[in-house]
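Count residues from 1 along the sequence. Only this structure's heavy atoms are used, side chains among them; waters, hydrogens and symmetry mates stay out.
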Amino acid sequence: MACSNTGTLLVCTVKTAPYSKPRAFRFLQPRKPCPNLLCLSGKSPNRPLFCLPNSPTLGELCRNHVPDHVLRRLEEVGYLVPTDVQMEALPILFSRNDCILHAQTGSGKTLTYLLLIYSLINPKRSAVQALIVVPTRELGMQVTKVARMLAVTDPKLEHKSCTVMALLDGGMLKRHKSWLKAEPPTIVVATIGSLNQMLEKRIFNLDSMQVLVVDEVDFLFNSSKQVSSLRMLLTSYSSCNNRQTVFASASIPQHRRFVHDCIQQKWTKGDVVHVHVNRIKPMPACLHHRFVICGRKEKHQLLLSLLQSDQPESGIIFVGEQSEKSKKAGNAPSTTLLIDFLRTSYDGSLEILLLEENMNFNSRAASLSDMRQGDGHLLVSTDIAARGIDLPETTHIYNFDLPKTAVDYLHRAGRTGRMPFSDKKYTVTNIIVSEERFALQRFENELMFICEELALEIPC
Ligand SMILES: Nc1ncnc2c1ncn2[C@@H]1O[C@H](COP(=O)(O)OP(=O)(O)OP(=O)(O)O)[C@@H](O)[C@H]1O
């Protein structure tokens, strides 16, 4: 394309967004530097802000639906070009259809459903108008943060800003009780356990609820602890006829069956739309998958060699949960053994952190906040960090223990490659023993990716 024919350019400034190269830019980018293509950026010169002349910006997609102060906020933080799921789902959501958002990890589903919520709520009304259900406290805190970030308004403006309450396991439910009674928030982000307690005790009701979002819906339906409460929420505490229902996940196994169940069981209305983006490739294309075969006793050393050769900017090391048998035998969990090993042997600059179910909620929150603030981290975690957690600076995932299922693999791998328009490559490495090659091959077939063998010498 000639430089003089580059069409309309949208040029803006970015303040903070974890934002990189939009698809449109790759199309416009000339081979030689071109003075007609402007690239304004926030922190990185890799943040161009262009839209093709005929494709709408995120603001244009939302105009006439989402209030102006939220649109301004989108621009301020650098959400300018819609991702594929936003492009496909927002018009459907704004036309008041129930929706199943089924799109890759890191594709921007959170912003999609939050924009719907902001298009419907009335901050002047003191009533719970939107409810977002999440599987873990960590994901709840993250969604609350994004919701609050969009709600921030100019104090000089007269309109009332909407309030967002995090009603999460491990929170101070007493304080929330008084808050809910005195002045109900506009949006509640909740884990199902805490929500149920409040609904059972009739601390608040869902009579004014306009939107119900269930994030990581397949996980919640699969969890024996949570599924009955979820069903109650969907059919007893509120009716699908009185609300707009949105289910979101990167993985919905047997999705045709799920859509059928949604209608049959009245979890959604009959005209629910299944927005399935990138159905051929369920994982982001920017991920490079590798495996290394070694003996069980060599895994620690091998991980260390990988860390030395990869030099990740930030990484997550996934470890399997300790079996009941191993607990009974009085063994230390693999997470503890690995953390101890890394703290004594790893001499790189990354901070070593731990996140697992056994930790108390304060330590869990501290680990996540350290990761978000620090210069780089190596997080040792169980699958608790596999769903929804957004740490865009993570460049490497290590499966120290192979996940149990392909769906678990997809979510673990999806903790990296979370910059929707980035050209960067991210790496997922599986440290396996030879008997596990077959299981990994099964994941490759199911998720349609190729895992490359990496030959690495293990130091004695
Ligand atoms: N339009 C956009 N432009 C730039 N960045 C975006 C846009 N929408 C979302 N993002 C960023 O993309 C990242 C991933 O978004 P999000 O957490 O919503 O993914 P997700 O689809 O919910 O993933 P998962 O299935 O893993 O939970 C976030 O860091 C978010 O800030």
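Residues F291 and C451 come closest through the heavy atom pair CE2-O, 3.7 Å. Taking all atoms of both residues into account, the shortest heavy-atom contact from L447 to A406 is CD1-O, 3.4 Å. Closest approach of P82 to T57, counting heavy atoms only: CD-C, 3.8 Å. Among all heavy-atom pairs drawn from S249 and R387, the shortest one is OG-NH1, 3.6 Å. Pairing each heavy atom of I117 with each of A130, the nearest pair is CG2-CB, 3.5 Å. Here the closest non-hydrogen pair linking P403 and F443 is O-CZ, 3.4 Å.
The main-chain N or O of S305 is found under 3.5 Å from a side-chain atom of S309 such that the two form a donor-acceptor pair. At distances below 3.5 Å, at least one donor-acceptor pair connects side-chain atoms of E298 with backbone N or O atoms of G295. No donor-acceptor pair closer than 3.5 Å links the side chain of K424 to the backbone N or O of C286. Between the side chain of S238 and the backbone N or O of L233 there is at least one donor-acceptor pair closer than 3.5 Å.
Using modelled atom types and a 3.5 Å distance limit, the side chains of T394 and R415 yield no donor-acceptor pair. For the 3.5 Å distance criterion, the side chains of T83 and Q86 qualify, holding a donor opposite an acceptor. A donor-acceptor pair shorter than 3.5 Å can be found between the side chains of H411 and S251. Side-chain contact annotation: Y113 with D215, donor-acceptor N/O pair under 3.5 Å present.
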Using the side-chain hydrogen bond (donor to acceptor under 3.5 Å, both in side chains) rule, take Q142 and R372 through it: C-alpha gap first, then chi angles, then the decisive distance, then the call. CA-CA 11 Å; Q142 183 179 294; R372 296 210 153 98; 2.7 Å; yes

Quick one, S367 with D370, criterion side-chain hydrogen bond (donor to acceptor under 3.5 Å, both in side chains). Give me CA distance, side-chain angles, the key distance, then yes/no. CA-CA 5 Å; S367 277; D370 284 355; 5.8 Å; no

Could you give me the CA-CA distance, side-chain angles and deciding distance for E452 and H289, then say whether side-chain hydrogen bond (donor to acceptor under 3.5 Å, both in side chains) is met? CA-CA 6 Å; E452 197 184 307; H289 303 262; over 6 Å; no

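Looking at D169 and R137, no side-chain N of the basic residue comes within less than 4.0 Å of a carboxylate O on the acidic one, giving no salt bridge. A salt bridge is defined here as a Lys NZ or Arg NE, NH1 or NH2 lying under 4.0 Å from an Asp or Glu carboxylate O, and K404 with D383 fails to meet this definition. Contact check on E75 versus R72 returns no salt bridge, with no Lys/Arg side-chain nitrogen under 4.0 Å from an Asp/Glu carboxylate oxygen. Remark: D408 does not engage R412 in a salt bridge, criterion side-chain N to carboxylate O under 4.0 Å.
The local environment of NZ in K425 is crowded, with over 12 non-hydrogen atoms from other residues, nucleotides or ligands closer than 6.0 Å. Within 6.0 Å of CD on E453 lie more than 12 heavy atoms contributed by other residues, nucleotides or ligands. Heavy atoms of other residues, nucleotides or ligands lying less than 6.0 angstrom from CG of D375 number 12 at most.
Checking I352, L350, L337 one by one against L342, the side chain to side chain contact (heavy atoms under 4.5 Å, CB included) holds for a single residue, I352. Here the options are E321, E356, E357, the test is side-chain hydrogen bond (donor to acceptor under 3.5 Å, both in side chains), and the partner is T382; only E357 passes.
Taking the six-membered ring where the residue is Trp, the centroids of W179 and F204 are separated by 6.0 Å or more. The six-membered or imidazole ring of F247 lies near that of F258, with a centre-to-centre distance under 6.0 Å.
Within the 4.5 Å cutoff, the side chain of V227 has no heavy atoms near those of the N222 side chain. By the 4.5 Å heavy-atom criterion applied to side chains, L220 and V133 are counted as neighbours. In this structure, Q244 and Q210 have side chains that are not in contact, with every pair of non-hydrogen atoms separated by 4.5 Å or more. Residues V246 and L212 fail the side-chain proximity criterion, which asks for heavy atoms closer than 4.5 Å.
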Taking distance alone, no hydrogens or angles, what donor-acceptor pairs closer than 3.5 Å link side-chain atoms of residues 426-436 to residues at least two apart or in another chain?
{"unit_1": "T429", "atom_1": "OG1", "unit_2": "R290", "atom_2": "NE", "d": "3.1"}
{"unit_1": "T429", "atom_1": "OG1", "unit_2": "R290", "atom_2": "NH2", "d": "2.8"}
{"unit_1": "N430", "atom_1": "OD1", "unit_2": "N399", "atom_2": "ND2", "d": "2.8"}
{"unit_1": "N430", "atom_1": "ND2", "unit_2": "R290", "atom_2": "O", "d": "3.1"}
{"unit_1": "N430", "atom_1": "ND2", "unit_2": "Y409", "atom_2": "OH", "d": "3.1"}
{"unit_1": "E436", "atom_1": "OE1", "unit_2": "V433", "atom_2": "N", "d": "3.0"}

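Classification of the H102-H274 ring pair by plane angle, with boundaries at 30° and 60°, yields parallel.
A distance of 10.0 Å separates OG1 in T416 from CG in L391, rounded to the nearest 0.5 Å. Taken from CG in L114 to OG1 in T110, the straight-line distance is 6.5 Å, to the nearest 0.5 Å. Atom CD of E393 and atom OG of S314 lie 5.0 Å apart (nearest 0.5 Å).
For K299 and F400, the positive end sits near the middle of the six-membered ring, less than 6.0 Å away and at most 45° from its axis.
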